[in-house]
Number of protein chains: 2
Amino acid sequence: MSSSVQPKRVRKNPEARRAEIVATAARIALAEGLECITMRRVAEELDVRPGLISHYFPVAEELVAEAFGTAAGGELADLLPDADAALPAVRRLARFLERTEGPRYDELSRLWLNARHLSRFRPALRERVDRQEALWRDALTALLRDGVEAGEFRAPDPHVTAIQLLVVLDGLGAHANTERTGRPAAVTGMAHALAERELGLPAGTLGTPHRPHHR
Amino acid sequence: MSSSVQPKRVRKNPEARRAEIVATAARIALAEGLECITMRRVAEELDVRPGLISHYFPVAEELVAEAFGTAAGGELADLLPDADAALPAVRRLARFLERTEGPRYDELSRLWLNARHLSRFRPALRERVDRQEALWRDALTALLRDGVEAGEFRAPDPHVTAIQLLVVLDGLGAHANTERTGRPAAVTGMAHALAERELGLPAGTLGTPHRPHHR
DNA sequence: CACGCTATTGGATGTGCGACCAATAGACAA
DNA sequence: TTGTCTATTGGTCGCACATCCAATAGCGTG
């Protein structure tokens with residue numbers, strides 16, 4: 001039984017180790033929350049001594065900020081993949097909206113909620129939140145512009161519509177830690193409704209929102 | 001100079017002391033955040049030894065939950081005063097919306113954000129958040145029902161409209177810790193627009209939303 | 001194979017926290 | 001005034017954390 005303890009130290013090159021650390025921290029952030037990103041916790045996850053994390057990130061807050069950026073950035077890339085650029089905007093938007101429901105997106109809602117709150121006390125994180133917010137806004141704006149150019153729908157001001165959509169998603173996601181059973185469909189579908197209304201699309205074009213947990 | 005130290009102990013009756021503690025904690029929650037509610041911090045504020053807070057609230061989380069309930073409840077009473085019950089619903093709603101802007105409400109937005117996130121880890125707080133949420137929803141629903149009964153506007157389902165309104169307010173408030181200068185009026189006014197649209201009121205009936213920070 | 005660079009360790013230090021408890025001293029009744 | 005009840009004190013304890021640093025040992029180079 002020598003598997004539990006392994007005084008064998010593995011030596012990696014700095015970039016790889018650093019990337020590994022950030023990836024681990026990002027995973028913790030999504031699954032358990034940003035305040036669970038601790039030197040000890042990350043070190044344990046990587047089977048390494050805490051001092052090592054401290055070596056790569058002398059100030060803990062910096063790791064938290066980096067982890068959030070990685071997690072949120074990765075999720076955006078997942079929600080609006082560049083690979084889909086050739087698809088019709090309506091279809092991409094429908095997919096996006098579809099994914100903003102269900103337990104998968106709950107994790108992300110929780111992360112945003114977490115980051116938005118914690119950024120009150122952590123300037124470095126706050127800066128990252130602002131940056132990610134801009135990225136999400138711009139990605140959605142670009143999608144809408146594509147649709148307008150392709151004549152799929154009209155939008156007087158895609159930038160504004162994008163923000164409005166994100167505001168509604170934030171509002172819906174704000175309750176990710178709360179009881180939400182029995183939410184009326186007219187609430188669950190607010191994002192769909194807003195998009196269809198603002199873009200002048202017939203109701204249902206973007207797909208129907210999932211029914212909330214029935215009964 | 002004996003003003004700095006005062007080994008004089010003041011003895012109050014339990015209910016008064018307890019109320020005093022909760023009020024102090026609620027103030028801290030609004031101004032600095034729920035995580036700043038600590039035995040030591042509250043004690044210092046009241047010029048009392050930490051052990052005393054511990055005596056009234058053997059478990060710290062309980063005080064945090066209580067403080068949130070008091071703060072949120074108080075703000076609701078402020079936003080939708082019972083004293084206004086005689087006024088037309090349209091007017092009460094306009095006032096409510098007007099107050100959901102400006103730095104005053106920012107403090108409250110931050111509190112809700114704070115509580116929604118923290119409730120992920122603290123069951124007692126979570127329970128309070130749920131309760132306050134129900135109170136806010138019901139108060140707003142009652143207001144809408146009043147308006148319908150009085151024939152001021154129509155609303156097929158006041159309950160749903162109330163939730164939708166709160167979702168939008170949550171979405172707008174989610175950025176209370178973030179940069180928000182330069183927000184377009186079409187975003188700032190989302191709550192007004194939603195209410196007027198859902199209630200079939202002419203645009204502008206509920207007052208115009210504040211312009212965001214100019215320039 | 002031996003050497004030097006540096007990634008990694010192991011430990012120490014200090015802080016702030018909740019929780020716990022015996023001793024103390026106000027306030028009120030007798 | 002005296003006595004009793006209990007609100008309040010003044011500590012202690014253990015825990016988790018970030019931060020810092022000298023010593024160590026992997027690994028590539030020569």
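Throughout, a chain's letter reflects where its sequence line sits, starting with A, and its residues are numbered from 1.
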Residue met sooner reading DNA chain C from 5', once B:Val59 and A:Val48 are mapped to nucleotides: A:Val48

Anything under 3.5 Å between a protein N or O and an N or O of nucleotides 10-16 of chain C, put it in a table, one pair a line.
from: C:dG10; atom 1: OP2; to: A:Arg49; atom 2: NE; distance (Å): 3.3

Exactly one of B:Arg95, B:Arg92, B:Arg91, B:Arg99 should register a salt bridge (Lys or Arg N to Asp or Glu O under 4.0 Å) with B:Asp84. Which one does? B:Arg95

Distance in angstrom units between A:Glu15 CD and C:dT6 C1', rounded: 13 Å

For atom OH of B:Tyr56 and atom C1' of C:dA19, their distance in whole Å: 18 Å

Any Lys/Arg nitrogen of A:Glu20 or A:Arg17 sitting under 4.0 Å from an Asp/Glu carboxylate oxygen of the other? yes

Heavy-atom nearest nucleotide on DNA chain C for B:Glu35 versus B:Arg11: which residue maps closer to 5'? B:Glu35

Reckon A:Phe57 touches a base, only the sugar-phosphate, or nothing at all at heavy-atom distances under 4.0 Å? nothing

For a quick check of understanding: with a heavy-atom distance under 4.0 Å over all strands, which category does A:Pro50 fall into, base, sugar-phosphate or nothing? nothing

Provide the full list of side-chain hydrogen bond (donor to acceptor under 3.5 Å, both in side chains) pairs with a residue in residues 29-41 of chain A, sequence neighbours left out, each pair given once. A:Glu32-A:Arg41, A:Glu35-A:Asn114, A:Glu35-B:His117, A:Arg41-A:Glu45

Hey, where on DNA chain D does chain A first and last touch, going 5' to 3'? Cut-off is any atom under 4.0 Å from a heavy atom. D:dC17 to D:dC27

Smallest heavy-atom separation, B:Met190 atom then B:Ala186 atom, equals CG-O, 3.4 Å

N-O pairing of A:Glu61 and A:Arg126 below 4.0 Å: no

Kindly check if the number of other-residue, nucleotide or ligand heavy atoms within 6.0 Å of CZ (A:Arg120) is above 12? yes

Counting only heavy atoms not in B:Arg197, do more than 12 sit closer than 6.0 Å to its CZ atom? yes

Under 6.0 Å between ring centres: does that hold for B:Trp112 and B:Phe68? yes

